[in-house]
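Everything on this sheet refers to the single structure shown next.
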Amino acid sequence: MRIDIVSIFPEMFEAVKCCGSVRRAIECGVLDLRLWDPRDSTNDNYRRVDDRPYGGGPGMVMLAKPLTKTLQRLRKDGAQGRVIHLTPQGARLDQGRIRDLAALSGLVLLTGRYEGIDERLIEQEVDEEISIGDYVLAGGELPAMVLVEGLVRYLPGVLGNDASVMAESFSEGLLDWPHYTRPEQFSGRAVPSVLLGGNHEAIRRWRLQQALGRTWERRPDLMERLVLNEEQHELLASYQREQIDEEILS
Ligand code: 9WO
């Protein structure tokens, strides 16, 4: 997959390029990540990418011209695919959207700074607007990195990917179960005994029950969308009974 990112702070992306799964994806050739600085598409001596807002008010607005030129240059370089603007005005990003976007061969990510981008550039060039959550940051760079890291998990051949994507499809739409490693006792707390017993079927059922129980307790919004099968229904019901019993005892 090729991802072209437009940002006036290309150095910020060293953070994901230097380590972890994004670095591995680049090294093994499944990800081609290219950065484009709109300042390199300016003509004036000051390399201006912003100007004062029409209508007045505080802050600056990103100029349309350097951004169109940047998009022209990256397309000349072979970039293809939809242009995605990272903004709190966009549709909320979720796992399903990440999975669908990861199937594409190319993406262009547009990141704004200051008070935002001239609306006419957005109307003319942007295919889709995506938000990673309802909060305002200083720019779209971190949201773009969030999207890239989310996408990389679906690219083929990145070490460990196949196993973790398979584990995810098993627990579709649920929160994760709790994890434990050595030692068996830590700070007076034991590892749940089922995980030490080696009964793989019992472990599978316990993990599924924990995932269901946590989703029910913590994320009623996710719970509403689930359609439980018979086993899941039974595991959740026994989790709920245990919670109620605990409440009575306390
Ligand atoms: C500033 C602002 C001030 C008062 C009321 C609403 C406001 N919205 C913004 C705003 O969106 N500023 C942006 C800062 C301008 C463009 C880039 N910035 C940005 C992108 N901040 N946060 C994001 C972002 C992108 C994707 N998902 C979450 C946040």
Side-chain angles (χ1 to χ4, degrees), residues 1-17 20-22 25 31 33-42 46-74 79 81-104 106-155 175 219 221-222:
M1 180 177 204
R2 173 169 168 170
I3 303 178
D4 291 80
I5 301 176
V6 179
S7 164
I8 61 166
F9 294 126
E11 309 85 1
M12 285 183 72
F13 292 85
E14 295 304 317
V16 285
K17 284 162 80 178
S21 54
V22 176
L31 178 65
L33 192 62
R34 302 191 194 199
L35 280 135
W36 301 86
D37 186 348
R39 283 192 201 283
D40 298 334
S41 299
T42 54
Y46 306 100
R47 312 220 309 154
R48 267 188 98 140
V49 291
D50 63 323
D51 207 336
R52 289 151 60 213
Y54 279 122
M60 301 295 268
V61 175
M62 289 187 85
L63 291 160
K65 193 68 182 286
L67 293 173
T68 347
K69 280 192 176 175
T70 305
L71 292 169
Q72 274 167 7
R73 286 176 59 210
L74 62 85
R82 43 205 299 114
V83 177
I84 296 177
H85 176 213
L86 285 310
T87 166
Q89 279 77 49
R92 176 69 72 81
L93 184 65
D94 62 15
Q95 199 64 49
R97 193 75 199 103
I98 293 176
R99 189 191 300 129
D100 291 348
L101 290 172
L104 303 173
L107 279 182
V108 178
L109 306 183
L110 185 60
T111 67
R113 279 266 150 182
Y114 314 116
E115 301 308 301
I117 298 172
D118 189 309
E119 192 65 23
R120 294 164 297 181
L121 182 284
I122 296 169
E123 287 168 2
Q124 195 163 82
E125 300 280 10
V126 170
D127 299 306
E128 180 175 353
E129 295 195 302
I130 289 181
S131 165
I132 64 160
D134 291 336
Y135 35 77
V136 179
L137 305 169
E141 282 81 3
L142 288 167
M145 287 186 239
V146 166
L147 179 53
V148 169
E149 201 167 283
L151 291 170
V152 154
R153 294 184 57 245
Y154 289 96
L155 301 182
L175 298 183
R219 293 295 301 275
D221 57 317
L222 295 181

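Start at 1 and go down the list; that is how both ligands and their atoms are numbered. The figures here come from the full heavy-atom set of this structure, side chains too, leaving out hydrogens, waters and symmetry mates.
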Give a yes or no on whether the backbone of D4 and the side-chain of R34 come within a donor-acceptor separation of less than 3.5 Å.
no

L86 heavy atoms, cut-off 4.0 Å: which ligand 1 atoms fall inside?
25 (C), 26 (C)

Which heavy atom of the protein is the closest neighbour of atom 16 (C) of ligand 1, given with residue, atom name and distance?
G116 CA, 3.7 Å

Between the side chain of R48 and the main-chain N/O of D50, is any donor-acceptor distance below 3.5 Å?
yes

Atom CD of Q124 with >12 non-hydrogen neighbours under 6.0 angstrom:
no

Heavy atoms only, cut-off 4.0 Å: how does S131 contact ligand 1, side chain, backbone, both, or neither?
both

Atoms of ligand 1, numbered as shown, that sit under 4.0 Å from any heavy atom of G133
28 (C)

Give every residue pair that meets the side chain to side chain donor-acceptor pair (under 3.5 Å) criterion with at least one member in residues 58-72, sequence neighbours excluded.
S41-T70

Nearest to atom 29 (C) of ligand 1, what protein heavy atom do you find, and at what distance?
Y135 O, 3.5 Å

Could you check which of L137, T87, L142, I130 puts a non-hydrogen atom nearest to atom 14 (C) of ligand 1?
L137

Nearest non-hydrogen protein atom, atom 27 (N) of ligand 1:
I132 N, 2.9 Å

Residue and atom name of the nearest protein heavy atom (relative to atom 24 (C) of ligand 1), distance in Å to one decimal:
P88 CD, 3.6 Å

Do E14 and K17 meet the salt-bridge criterion of a basic N to acidic O distance under 4.0 Å?
yes

Checking the side chain of D127 only, and the main-chain atoms of V83 only, is there a donor and an acceptor separated by less than 3.5 Å?
yes

Which heavy atom of the protein is the closest neighbour of atom 18 (N) of ligand 1, given with residue, atom name and distance?
G139 CA, 3.5 Å

With a 4.5 Å limit on heavy-atom distance, are the side chains of S131 and L93 in contact?
no

Considering all protein heavy atoms, does one lie under 4.0 Å from atom 4 (C) of ligand 1?
no

Taking 4.0 angstrom as the limit and counting only heavy atoms of E115, give me the atoms of ligand 1 inside it, by number and element.
15 (C)

Can you confirm whether more than 12 heavy atoms, excluding those of E129, are under 6.0 Å from its CD atom?
yes

Backbone N/O of V6 and side chain of T111: donor-acceptor pair under 3.5 Å
yes

Can you report which non-hydrogen protein atom sits closest to atom 17 (C) of ligand 1, along with the distance?
G112 O, 3.3 Å

Which heavy atom of the protein is the closest neighbour of atom 8 (N) of ligand 1, given with residue, atom name and distance?
V136 CG2, 3.9 Å

When you measure from atom 13 (C) of ligand 1 to every protein heavy atom, which one gives the shortest distance, and what is it?
Y114 O, 4.0 Å

